[in-house]
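Below is one structure, written out as C-alpha cells; the observations come after it.
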Amino acid sequence: MGFKVGLLGLGTVGAGVAQILLDATGRSPLLQSLELYRVGARSLDKPRPVEIPREQLTTDLQSIVTDPNVDIVVEVIGGLEPARSLMLEAIRHRKHVVTANKAAIARFGPELFDAAKQAGVYLMLEAAVGGGIPIIQPLKQSLGGDRLNGITGIINGTTNYILSRMTAEGADFGDVLADAQRLGYAEADPTADVDGLDAADKIAILASLAFGGRIKREAVHTEGIRNITATDITYADKLGFAIKLLAIARRQGPAVSLRVHPTLVPHSHPLARVDGAFNAIFVEGQPIGQVMFFGPGAGSGPTASAVVSDVLNVAAAMQAMGERATPVINPMLACSHSDFCPIASLDDLETRFYVRFLTSDRPGTIGHIGSCFGNRLVSLESLVQTEVNGDEAQVVVVTHAVREGDFRAALADIHASDAIRSVASVLRVI
Ligand SMILES: NC(=O)C1=CN([C@@H]2O[C@H](COP(=O)(O)OP(=O)(O)OC[C@H]3O[C@@H](n4cnc5c(N)ncnc54)[C@H](OP(=O)(O)O)[C@@H]3O)[C@@H](O)[C@H]2O)C=CC1
Ligand SMILES: N[C@@H](CC=O)C(=O)O
Ligand code: NA
C-alpha cells in the first residue's frame, strides 16, 4: 500500500523533507511506502538543494491540497495565511496534515483540530516545537501516564545563541544580534525570536498537550531579551546564575501559569548548561519526576526529521486502518481537547526576583529599599551595594519566592522615592 505526499514549501525545511523522502536507505522500511507526489513553492526556477522533477513542482498550492490522489499534505510554507486556509482545505478534502508551523497552530489550533476531528484525519506537529527534538509525541504518548506539573524550556535557538555569546564575550545585545544576523542565525526581521513571540507560540502548544486543554495564545505573558545587558549577565554570573530566555508552563492551583521571559537560572540547573542554538525542554511530572529533552531546535535536517516522523506515524495509522470506509483515529496520535485551560493571574505567581537599582550613594538608601520590600511582605535573600561611581551606586537585590503582585507594589513604592534614580532591571529567578 503506497501513500502519496503533497509537500507545500521547498525552503529550509521542505528541502530537508524531500531529501529524506527521496532516500529511504537505512531508514524505516515504512518510508518505502511513501511517494513524494507533488511539491509546491513560490518560485519554479530557484536553485534547490534537492532535485525535483519539473512536472511535480507547482506554484498552485491549492491544486495540491485538493488533489484526490494526495493522502498526506505537509505544510512547511510558514506564516499564518495562506498556511491556515491551505491546511483547512486539505483537511476538508480528508487529507492528513503534517505541519512545522507553530505560529499557525498556536493561533488557529482549535479551528484546525476541530476540522481534523470532523474529517477523521490527523493533524501532526512534531516539528513545530523543539525542531528535531522529540517532544510532541513524548508528551502525547510516552508521558501519557504521568500527571504533568511543569514544562520549562529553552525553545528559541536564536535567543539562546545571542545570550550565550553575550555571556561568553561580555558583549551587548545589539552587537551580538547584528553578528547573528550576518551569520544567518537570526532572521532579517528578528522580532518573533528576540521579543519572545516564537517561544510563546511554542509554550502555548506544549501547555495544551501537557495540561489537556486548549490555550488562548494571548494568555502567554511574554517578555523578550532586548533589555538584557552585559552588566546583568555579569552580576547574575557572580551570584551563581546564567540568564536564559525560558518558556514556562506550570500548574498553579486549578489554573495554568504561562510565561516567556529572561530568567536567572542557577548554574547547577541542567538548563543553565544549554548553550548556543540548542534547545532543551525540562518536564516535571508524577510519577516520572524530572526528564529533559535536548537537541537541535531548528535547521533543515533536524526539523525535517521531525516532519518525516509524523508522516511515518500517519502512514502507519493509515496502513492499520486499511480500506475501512469509516476512519479510525488513534487517540494517542490525535489531539482531542475541547475546553480551554483556566489561566492563572501573573500577580499570583510565586517566584524569586533579581532587581538592580541605580541609587544615590547616601545614607538610608539601602534601609529604605529594605523597608519598602518589608512593608509589602517581600522577603529578601540578599541585598548588595555592588558599585559606587561618583555619587551613584548600584544595588542588587535577590528576593525569596514572593507573590509577584506584592513585589510589583513594593517596587512602585521604592520607585516613588527620590533616593532611587532608576530600576535598571527586574528579572525572575528559578
Ligand atoms: N527553518 C527552521 O529551522 C524551522 C522552521 N520551522 C517552521 O517551518 C516552516 C517553514 O520554515 P522554513 O523552511 O525555514 O521557511 P522558508 O522560508 O525557508 O521556506 C518556505 C517555503 O515555502 C514556500 N512558500 C512560502 N509562501 C508561499 C506561498 N504563498 N505560495 C507558495 N509557496 C510559498 C517558499 O517558496 P520559494 O522557495 O519559492 O520562495 C519556500 O519554499 C515555518 O512554519 C517555520 O516556522 C520550524 C522549526 C525550525
Ligand atoms: N526561529 C526559531 C527556529 C525554529 O523554530 C528559533 O530561533 O528557535
Ligand atoms: Na520537535
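These figures come from a predicted structure and were not determined experimentally. Counting starts at 1 for both ligands and their atoms, in listed order.
- Judged by distance alone, the side chain of R214 and the main-chain N or O of H337 form a donor-acceptor pair under 3.5 Å.
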side-chain hydrogen bond (donor to acceptor under 3.5 Å, both in side chains) evaluation trace for S43 with D45: CA-CA 6 Å; S43 156; D45 305 315; 5.1 Å; no

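- Side-chain atoms of Y354 and D232 form a donor-acceptor pair, as typed in the model, at a separation below 3.5 Å.
- Using a 4.5 Å heavy-atom threshold, the side chains of V194 and F173 count as touching.
- Between the side chains of R356 and T231, no donor-acceptor pair is found at a separation under 3.5 Å.
- Side-chain polar atoms of S345 and D347 form no donor-acceptor pair below 3.5 angstrom.
- When only modelled atom types and interatomic distance are considered, H267 and D237 share a side-chain donor-acceptor pair under 3.5 Å.
- The two residues L123 and A116 have their closest heavy-atom pair at CB-CB, 4.2 Å.
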Between ligand 2 and the protein, which N/O pairs are shorter than 3.5 Å?
residue  : atom  : partner : partner atom : Å
ligand 2 : 1 (N) : D193    : OD1          : 2.9
ligand 2 : 1 (N) : D193    : OD2          : 3.4
ligand 2 : 5 (O) : K102    : NZ           : 2.7
ligand 2 : 5 (O) : K202    : NZ           : 2.9
ligand 2 : 7 (O) : N156    : ND2          : 3.4
ligand 2 : 7 (O) : G157    : N            : 3.4
ligand 2 : 7 (O) : T158    : N            : 2.9
ligand 2 : 7 (O) : T158    : OG1          : 2.5
ligand 2 : 8 (O) : G157    : N            : 2.7

Show me, pair by pair, the donor-acceptor contacts under 3.5 angstrom made by side chains of residues 276-290, not counting sequence neighbours?
residue : atom : partner : partner atom : Å
E284    : OE2  : R250    : NH1          : 3.0

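- Protein residues having at least one heavy atom under 4.0 Å from any atom of ligand 1 are G9, L10, G11, T12, V13, A41, R42, S43, K46, R48, L61, V76, I77, G78, P82, A100, N101, K102, A127, A298, G299, T303, listed by chain and number.
- Of the possible donor and acceptor atoms, none in the side chain of T263 sits under 3.5 Å from a partner among the backbone N and O of V265.
- Across all their heavy atoms, L258 and A207 have their closest contact at CD2-CB, 3.5 Å.
- Within a 6.0 Å radius of OH in Y161, more than 12 heavy atoms belonging to other residues, nucleotides or ligands are found.
- In summary, of the residues considered (M87, M124, E126), a side chain to side chain contact (heavy atoms under 4.5 Å, CB included) with T99 occurs for M87 alone.
- Excluding waters, the set of protein N, O or S atoms lying under 3.0 Å from the Na ion (ligand 3) comprises E126 O, E126 OE2, V129 O, G131 O, I133 O.
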